[in-house]
Structure formats: structure tokens, C-alpha cells
2 protein chains.
Amino acid sequence: MKLCVDAILFGFDKNDNDLKILLIERKYEPYIYCWALAGGFVKEDETLENSVLRELKEETGLVETPYLEQLYTFGDIDRDPRGRIISVSYYGLIKITDLNPSTDALDAKWFSVKNLPKNLAFDHKILIEKALERLRSKIIYQPIGFELLDEYFTFTTLHNLYETILDKSLDRRNFRKKITNFNILDEIDIITDDVIIGRPPKFFKFNIMRYQEKTKKGFYFEL
Amino acid sequence: MKLCVDAILFGFDKNDNDLKILLIERKYEPYIYCWALAGGFVKEDETLENSVLRELKEETGLVETPYLEQLYTFGDIDRDPRGRIISVSYYGLIKITDLNPSTDALDAKWFSVKNLPKNLAFDHKILIEKALERLRSKIIYQPIGFELLDEYFTFTTLHNLYETILDKSLDRRNFRKKITNFNILDEIDIITDDVIIGRPPKFFKFNIMRYQEKTKKGFYFEL
DNA sequence: TCAAAAGTGTTGGGGGTACACCCATGT
DNA sequence: ACATGGGTGTACCCCCAACACTTTTGA
């Protein structure tokens with residue numbers, strides 16, 4: 001019996017409003033040339049979380065430490081043809097610009113969750129679905145969406161992020177009102193490289209400290 | 001590296017409005033004579049869930065299959081003095097009358113969550129806290145509370161259950177109104193052995209079929 | 001008739017939803 | 001001046017919270 005970890009890493013492309021996950025093309029059997037999640041066997045002297053972080057960095061070239069949360073442990077008997085392998089899965093959120101696999105010349109690639117490859121290795125399709133489900137339910141009551149955005153972002157980007165992940169439209173004014181009332185964003189004056197068409201947007205930054213303070217006092221984020 | 005499963009089994013005593021969990025007194029080192037969760041090593045040819053069920057039945061004499069849900073996987077390096085042991089934890093809900101350890105002459109015992117023994121084995125205190133947290137958040141948006149009650153129950157019992165688990169008082173009339181409006185309970189005419197003081201209560205039964213039908217049509221249980 | 005628990009309705013306020021027009025900028 | 005996206009306010013309705021008295025039974 002062996003223990004491995006697998007990571008479902010999410011990124012959000014604000015340009016085409018696309019939620020993506022990172023997959024790696026396998027170079028060995030089993031499932032050679034299929035696409036798999038980053039992951040691998042847990043070492044004797046590392047925690048599960050450290051194991052995921054190590055694998056992510058080794059296999060994807062990631063430098064930053066992503067937001068990471070344990071998802072579920074998959075233990076079906078036949079999930080891996082090599083024998084009994086239990087997988088502790090984690091999902092992670094990063095700013096998609098933190099990782100550009102094509103430049104790093106690794107066999108990793110971002111895939112839109114709406115257009116995943118057919119040849120997914122192992123039971124990774126199931127892990128991905130479970131991660132998506134968790135992400136969808138969690139962004140409603142915890143402000144983890146910001147983990148997917150640049151430090152500075154516009155309301156439109158945030159709005160698009162939520163609409164994309166929840167896969168439904170949200171009234172722009174009410175969304176803005178609700179988030180504004182939470183009082184966890186700071187307006188920031190910056191100049192941006194982005195091409196602006198129309199009225200220039202204001203930029204905001206998530207104030208984690210303030211959020212935590214409010215949370216201590218009984219504040220609940222809830223979309 | 002070894003893999004084990006641990007079960008946090010909940011029961012609700014409607015007579016003294018007490019949420020309890022089942023613990024087993026250890027007969028061997030390590031943590032001899034300390035109280036531990038039911039659990040043990042996973043066999044090569046059984047799923048994680050089957051492993052939990054087997055251990056529960058072996059160690060507690062439980063016959064019925066409880067509501068069971070994976071909780072979290074604990075993998076800290078030093079959590080077990082015998083070496084690297086990863087634990088996949090599950091929490092379960094049963095009707096407390098389904099299991100009477102004192103009669104079965106096992107070393108298992110129900111403990112009030114408000115009065116747990118000081119000498120808990122391993123990191124089981126943490127597992128219990130995590131299970132409690134999960135239970136508290138889950139009964140709000142899924143009708144799992146019924147798993148802890150007899151098939152037929154009164155509104156007062158249900159109300160007490162929620163107040164006990166959430167550890168706060170809920171307006172009796174509003175609670176009743178809300179649950180009644182969900183239309184997932186059927187009123188049942190039964191005679192009860194319970195000692196009745198005051199006006200006799202009506203009894204109800206959770207209609208799982210109806211709940212599932214409604215859920216399919218977009219109904220959300222939410223307390 | 002008293003004690004004990006079960007059962008029931010109304011009102012007010014806050015928050016959510018629905019909805020349309022003006023603003024700032026670049027071309 | 002026009003195209004493009006950004007920014008804003010109001011009205012209504014529903015749901016939730018707060019709240020107290022009546023009913024049924026056994027002793």
C-alpha cells in the first residue's frame with residue numbers, strides 16, 4: 001500500500017474569463033501520454049502538505065506557495081493499475097501569471113475546466129470534479145477568490161471571476177454593493193499596462209488584515 | 001508508512017439533550033488505558049469506507065450501518081509514536097439506542113462532547129474537534145440531524161438536537177415554522193413508551209424520498 | 001385546578017433582488 | 001460625437017426575527 005498526494009491547481013485567466021487547471025503530460029506507464037494532476041508519493045519525513053508543495057514545485061516549476069487546502073482522500077482499490085495507491089488530494093489557487101509552463105518548457109499545461117482533455121490519467125477526472133464542486137461552494141462563504149487574482153484588480157474582473165466559477169450571472173450592481181459593504185477592499189491608485197477601452201476602472205486590493213479583524217468580531221463573508 | 005482509519009461516531013441522547021461520541025479504552029501500548037476513537041489499519045483489499053465500517057463493527061459491536069462521511073486525513077509526522085501512520089478520519093451518525101456498549105460488555109463508552117476524558121490517545125482530540133466543527137456546519141444545510149434520532153420523533157426533540165449541536169438557542173416557533181415549510185416531515189400517529197408530562201406531542205418522520213425529490217427540483221434545506 | 005409541555009400568528013424591519021441611466025475616456 | 005466599458009440609486013418584496021398566549025393532558 002502506498003500513499004501519494006495529488007494537486008488540483010486552479011488559475012483564472014482574466015482576459016478570456018476562463019477558469020483553468022494545470023495538468024501534466026505523463027512520460028511513463030501507466031497512462032503514458034495521458035494528462036495527469038501534479039502529484040507523487042509521500043516521503044517518510046514530510047507532512048502531506050509539504051509533499052504537495054514539493055511535487056508542485058518539482059513538476060510545474062512553481063516558485064510561489066499557493067493557497068492550498070486538503071480536498072479528499074481517494075482510496076478505491078483499483079484506482080491505480082500499479083497496485084493499491086491511496087491519494088490525498090489538495091486543491092490550490094494561484095495567480096495564473098505566477099506560472100507559465102510554456103516558458104518553463106515543462107510538460108505542464110493550463111486547461112480550461114470547460115475543455116479538459118479526454119485522456120485523463122487514473123481517476124483524476126473525479127478529483128477535478130470534486131475540486132470544482134468544493135471551489136464553487138467555498139467561494140460563496142470565504143473570500144478565497146482573491147487568491148486567483150492579481151494583487152490589484154477591478155470590480156469587473158472580480159465579478160467575472162465569480163460568474164465564471166459559479167457558472168451563472170450575478171447582477172453587477174448588487175454584486176458590487178454587497179462586496180463594497182463588506183468593507184474588505186481598499187481602493188488603490190495605480191497605473192496599469194492593460195489596454196483600457198472606455199472609462200478607466202478603479203483598482204482594488206483585498207485587505208486581508210481587515211477581513212481577519214472583522215471575522216474575529218463575528219463578521220461572515222457570504223455572497 | 002502505514003494507513004489507518006478512525007471514526008468519530010456521534011449519538012444524541014434525547015433524554016438529557018446530550019451529544020455524545022463513542023470512545024474505546026485502549027488495552028495495549030501506546031496510550032494504554034487511554035481513550036481512543038474506533039479505528040485501525042486499512043487492509044490491502046478493502047476500501048477506506050469498508051475499513052471504517054469493519055473496525056466499527058469489530059470494536060463497538062455495532063450492527064447497523066451508520067451514516068458515514070469522510071472528514072479529513074491527518075498526516076503529521078509524529079502523530080503516532082509507533083512511526084509514520086496516516087489516518088483517514090470519518091465521522092458517523094447513529095441512533096444512540098442502536099449501540100449500548102455497557103450491555104455488549106465492550107470497552108467502549110459514550111462520552112458527552114462537553115465532558116470528554118482528559119486522557120485521549122494520539123491526536124484524537126483534534127479529530128474530535130474537527131468532526132464537531134463539520135457536524136455543526138453541515139446540519140445547517142443538510143438534513144443529517146435525523147440520522148441521530150429515532151425514526152419517529154417530536155418537534156421538541158428535533159429542536160433540542162439543533163440547539164445542542166449548535167450550542168445556541170433557536171426560537172421554538174420560528175424553528176418549527178421553517179422546518180414545517182420545508183415539507184419534508186410526515187406527521188405519524190403512534191403510541192410511545194416515553195413518559196409524557198403535559199400535553200402529548202405529535203410525532204413526525206423524515207420523508208427522505210420527498211426530500212430527494214425536492215432537492216432534484218432545486219430545493220435547498222437551510223436552517 | 002394546577003402543573004407541565006405542546007402548539008400556534010402577527011408584526012416590523014432589513015436585506016436581497018430587480019431594474020436603467022449617466023460617466024469617463026480614447027478614437 | 002460616438003463607442004466602449006465603468007459607475008451608481010431606488011423601490012419593492014420577501015423572509016427572518018421577535019414576541020406571548022392558548023391548548024391538551026395527567027395528577
Side-chain angles (χ1 to χ4, degrees), chain A residues 13-17 139-141 143 149-150 152-164 166 168-205 214 218-223, chain B residues 13-17 139-141 149-150 152-164 166-205 214 218-223:
Chain A
D13 185 337
K14 69 180 177 187
N15 295 314
D16 55 359
N17 290 332
I139 54 163
I140 290 172
Y141 67 92
L149 300 179
D150 296 330
Y152 307 110
F153 52 86
T154 67
F155 252 107
T156 301
T157 302
L158 187 64
H159 183 226
N160 287 337
L161 172 71
Y162 271 85
E163 287 197 333
T164 303
L166 297 176
K168 68 175 181 186
S169 61
L170 304 165
D171 184 89
R172 192 160 53 100
R173 282 160 293 188
N174 292 334
F175 177 83
R176 199 184 180 102
K177 228 180 304 174
K178 204 179 267 188
I179 302 282
T180 303
N181 285 340
F182 289 155
N183 192 29
I184 52 174
L185 297 188
D186 291 334
E187 190 177 337
I188 303 286
D189 270 329
I190 61 157
I191 33 178
T192 173
D193 299 338
D194 298 355
V195 181
I196 305 281
I197 303 170
R199 175 172 175 171
K202 293 177 180 170
F203 283 81
F204 295 87
K205 184 179 182 212
K214 289 171 73 91
F219 163 77
Y220 284 99
F221 180 94
E222 170 123 36
L223 195 70
Chain B
D13 186 336
K14 69 180 177 186
N15 294 315
D16 55 358
N17 290 331
I139 54 162
I140 290 172
Y141 66 92
L149 300 179
D150 295 330
Y152 307 110
F153 51 86
T154 67
F155 251 108
T156 301
T157 302
L158 186 64
H159 183 226
N160 287 336
L161 172 71
Y162 271 85
E163 287 197 335
T164 303
L166 297 176
D167 196 26
K168 67 175 180 186
S169 62
L170 304 165
D171 183 89
R172 192 158 54 97
R173 283 160 293 188
N174 292 334
F175 178 82
R176 199 185 180 101
K177 228 180 305 174
K178 205 180 265 186
I179 302 282
T180 304
N181 286 339
F182 289 155
N183 192 29
I184 52 175
L185 296 188
D186 292 333
E187 190 178 335
I188 303 285
D189 270 328
I190 61 157
I191 33 177
T192 172
D193 298 338
D194 298 355
V195 181
I196 305 282
I197 304 170
R199 175 172 175 170
K202 293 177 181 171
F203 283 80
F204 295 87
K205 183 179 185 214
K214 288 172 74 92
F219 164 78
Y220 283 100
F221 180 95
E222 170 122 38
L223 195 72

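Residue numbering restarts at 1 for every chain, and letters A, B, ... go by the order of the sequence lines.
- Among the protein residues, B:Thr154 comes within range of no part of the nucleic acid, since none of its heavy atoms lies under 4.0 Å from any strand.
- The side chain to side chain donor-acceptor pair (under 3.5 Å) test applied to A:Asn183 returns A:Arg210, not counting sequence neighbours.
- Computed from coordinates, the B:Leu170 CG to D:dC16 C1' distance equals 13 Å when rounded to whole Å.
- Side chain of A:Lys214 to main chain of A:Phe182: a donor-acceptor pair is present (N/O by atom type, distance under 3.5 Å, no hydrogens or angles).
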Look for any protein N or O under 3.5 Å of an N or O in nucleotides 12-19 of chain C and output each such pair with its distance, or none.
unit_1, atom_1, unit_2, atom_2, d
C:dA18, N7, A:Asn174, ND2, 2.9
C:dA18, N6, A:Asn174, OD1, 3.1
C:dA18, N6, A:Lys177, NZ, 3.2
C:dC19, N4, A:Arg173, NE, 3.4

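- With D:dT25, D:dG6, D:dT8 as the candidates, the nucleotide lying closest to the side chain of A:Arg199 is D:dG6.
- Applying the side-chain contact (heavy atoms from CB on, under 4.5 Å) criterion to A:Glu187, with sequence neighbours excluded, gives A:Lys202, A:Phe204.
- The side chain of A:Arg172 has D:dT8 as its nearest neighbour among C:dT25, D:dT8, C:dT8.
- The only option from A:Thr154, A:Thr164, A:Asp150 that meets the side chain to side chain donor-acceptor pair (under 3.5 Å) definition with A:Lys14 turns out to be A:Asp150.
- Rounded to a whole Å, the CZ atom of B:Arg176 is 16 Å from the P atom of C:dT10.
- B:Asn181 has its CG atom 9 Å from the P atom of D:dC15, to the nearest Å.
- Looking at heavy atoms from C-beta onward, A:Leu158 lies in side-chain contact with A:Leu149 at the 4.5 angstrom threshold.
- Per the geometry, CG belonging to B:Leu158 stands 13 Å off P belonging to C:dA6, to the nearest Å.
- What separates CG of A:Asp194 from C1' of D:dG5 is a distance of 14 Å, to the nearest Å.
- For B:His159 and C:dA5, the NE2 to C1' distance is 13 Å, given to the nearest whole Å.
- At the phosphate of D:dT25, neither OP1 nor OP2 sits under 4.0 Å from any side-chain N or O atom of B:Lys202.
- Look at CD1 on B:Ile197: it is 22 Å from P on D:dT23, rounded to the nearest Å.
- In this entry the distance linking CD1 of B:Ile196 with C1' of D:dG26 reads 11 Å, nearest Å.
- Atom OH of A:Tyr152 and atom CD1 of A:Ile190 lie 7.0 Å apart (nearest 0.5 Å).
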